[in-house]
Visitor: 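Before I ask anything, here is the structure I am working with.
Each ligand, and each atom within it, is numbered from 1 in the order the structure gives. Everything quoted here is computed from the prediction, not taken from an experiment.
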Amino acid sequence: MNAQIIDGKRIAGEIRGEIRRETESLAERRVKPGLAVVLVGEDPASQVYVRNKAKACEELGFYSEVHRLEAETTQDELLALIARLNGQADINGILVQLPLPKHIAEKAVIDAISVDKDVDGFHPISVGNLLIGDDALQPCTPSGVIELLKRTGNEPSGKHAVVIGRSNIVGKPVSMLLLREHATVTICHSRTPDLAAVVRGADIVVAAVGVPKLVKADWVKPGAVVIDVGVNRLPDGKLCGDVDYEGVSQVASWITPVPGGVGPMTITMLMLNTLKAAKRAHGII
Ligand code: GUN
C-alpha cells in the first residue's frame, strides 16, 4: 500500500481562506481580531515562529502587536505587560512564546493571561474546559491534528487512536480532543511496555514524542492513519518527524509528511482561535 499524503499546507490554506472571509464580514461590523505576541529573549527558533505569526496576522487582516523583550526582563515586568494586554480592547488573543528564560516561572505567566484571550489554550481553566467538554479555546497543534483527520475524511469516531507522548502541549490535549470525537484513546509514553504492540492496535496513530523516526513500518497496522507531530533536526541539518516516513508510508492509508503536515496547521489554528475570541468579545457567538 502507498499512503495518501495529508497535505497540511493545502488544508491550512483552505482554513485561512475561511478565516479571511469571516474577517472581511466582521470588518463590516467594525470588528478586527487582534493578537499580541510576546517574545522574551533571543531564541532563534522562537524568533522565526514570532515573525511567522505576525505575518499570518497581516495576511488575514488582523491587528497585531509584537512585544520583543530582552532576556533580562523580570517576571514582574512580563506580568505587568500581560495585565496591560488583558485590559486592551483591541487585543483578543495573547500568546507568550515558550520557552521562557529560566528566571521566569512559566506557570505564573500562563495563569496571568485572561482565559478569554488564552489563544494557546494553556491556561488551567481552558485545559479544564477541554477535559469536561466545554467550549474552550483549544490548544493549536492538537486542534490542527483533528482538522487534518476530519478534512481528509478520517473521522475519529469509533476508531482506536493511539497517542505516543503525554506532553501538556500536544499528547494530553490531543487525546482529550480525540476522545471528544468519540475515538477510543490509548496514551503511551516512555514507560509503556511493548510500545510497538500497542501502536499495532491503532486505527489512528498520533506521534508526539520528539524521537526521530521512532515509529517503524512493522509497528503500523496496514491501512492505519498516521499523524506525525514530531519536528526533529538530524545531524545533517534536515528535519524529520517521529515516524519513519519511508517505511510507514508503504503500510499506512494516510500519512502526514514532515515538514508540510501538522506544522502549517498550528499557526492557522492560532488565527482561528483569535478570530473566535474576537467574535466572543463582541457577543457574536
Ligand atoms: N513554543 C513552541 N510551541 C509553542 C506554542 O504552541 N505556543 C507557545 N506559546 N509557545 C510555543
Side-chain angles (χ1 to χ4, degrees), residues 8 12 15 34-57 62 64-69 71 73 75 78-79 81-82 85-86 91-102 104-127 130 136-148 163 165-177 206-210 227-233 239 241-242 258-259 261-274 276-277:
I15 298 172
L35 176 68
V37 180
V38 181
L39 173 63
V40 187
E42 273 143 31
D43 179 64
S46 293
Q47 286 181 334
V48 175
Y49 294 141
V50 166
R51 235 189 343 264
N52 288 342
K53 282 161 189 167
K55 211 168 95 192
C57 283
F62 287 16
S64 77
E65 286 182 8
V66 177
H67 296 265
R68 290 187 173 84
L69 309 180
T73 302
Q75 181 168 313
L78 179 56
L79 292 178
L81 171 62
I82 292 171
L85 295 169
N86 280 342
I91 292 296
N92 305 110
I94 302 169
L95 181 138
V96 179
Q97 188 67 35
L98 304 176
L100 288 166
K102 299 263 179 298
I104 299 179
E106 223 162 81
K107 181 170 166 53
V109 173
I110 291 170
D111 288 2
I113 296 172
S114 158
V115 178
D116 298 332
K117 300 190 180 189
D118 176 33
V119 284
D120 252 334
F122 293 165
H123 191 286
I125 293 179
S126 305
V127 177
L130 170 66
L137 290 170
Q138 295 166 357
C140 303
T141 301
S143 40
V145 168
I146 301 297
E147 284 299 316
L148 289 178
V163 176
R166 54 173 160 178
S167 69
N168 287 335
I169 293 185
V170 183
K172 283 184 212 164
V174 83
S175 301
M176 287 307 117
L177 288 175
V206 179
V209 264
I227 307 288
D228 190 352
V229 186
V231 184
N232 309 293
R233 200 162 291 277
L239 285 185
D242 293 347
V258 176
V262 175
M265 295 298 286
T266 300
I267 292 187
T268 301
M269 302 315 284
L270 172 70
M271 298 296 128
L272 197 55
N273 269 350
T274 306
K276 190 169 170 183

Visitor: I need the minimum non-hydrogen distance between Gly121 and Pro139, along with the two atoms involved.
Guide: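 Looking at all heavy atoms of both residues, the shortest contact is O-CG, 3.9 Å.
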
Visitor: Would Thr274 and Asn92 count as a side-chain hydrogen bond (donor to acceptor under 3.5 Å, both in side chains) here? Give the steps.
Guide: CA-CA 6 Å; Thr274 306; Asn92 305 110; over 6 Å; no

Visitor: Of all heavy-atom pairs between Val109 and Ile82, which one has the smallest distance, and what is that distance?
Guide: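 Reported closest heavy-atom pair: CG1-CD1, 3.5 Å.
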
Visitor: Using every non-hydrogen atom in the two residues, find where Leu79 and Ala112 come nearest and quote the distance to one decimal.
Guide: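 Closest pair (atom of Leu79, atom of Ala112, distance): CD2-CB, 3.7 Å.
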
Visitor: Going by side-chain contact (heavy atoms from CB on, under 4.5 Å), name the residues that satisfy it together with Lys107, two or more places apart in sequence or in a different chain.
Guide: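 Listed in chain order: Asp111, Pro124.
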
Visitor: Please check if the number of heavy atoms outside Glu42 that lie under 6.0 Å from its CD is greater than 12.
Guide: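 Open: at most 12 neighbouring heavy atoms sit under 6.0 Å from CD of Glu42.
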
Visitor: Identify, chain by chain and in numerical order, each protein residue with a heavy atom under 4.0 Å from an atom of ligand 1.
Guide: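 Contacts of ligand 1 under 4.0 Å: Leu95, Val96, Gln97, Leu98, Asp120, Phe122.
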
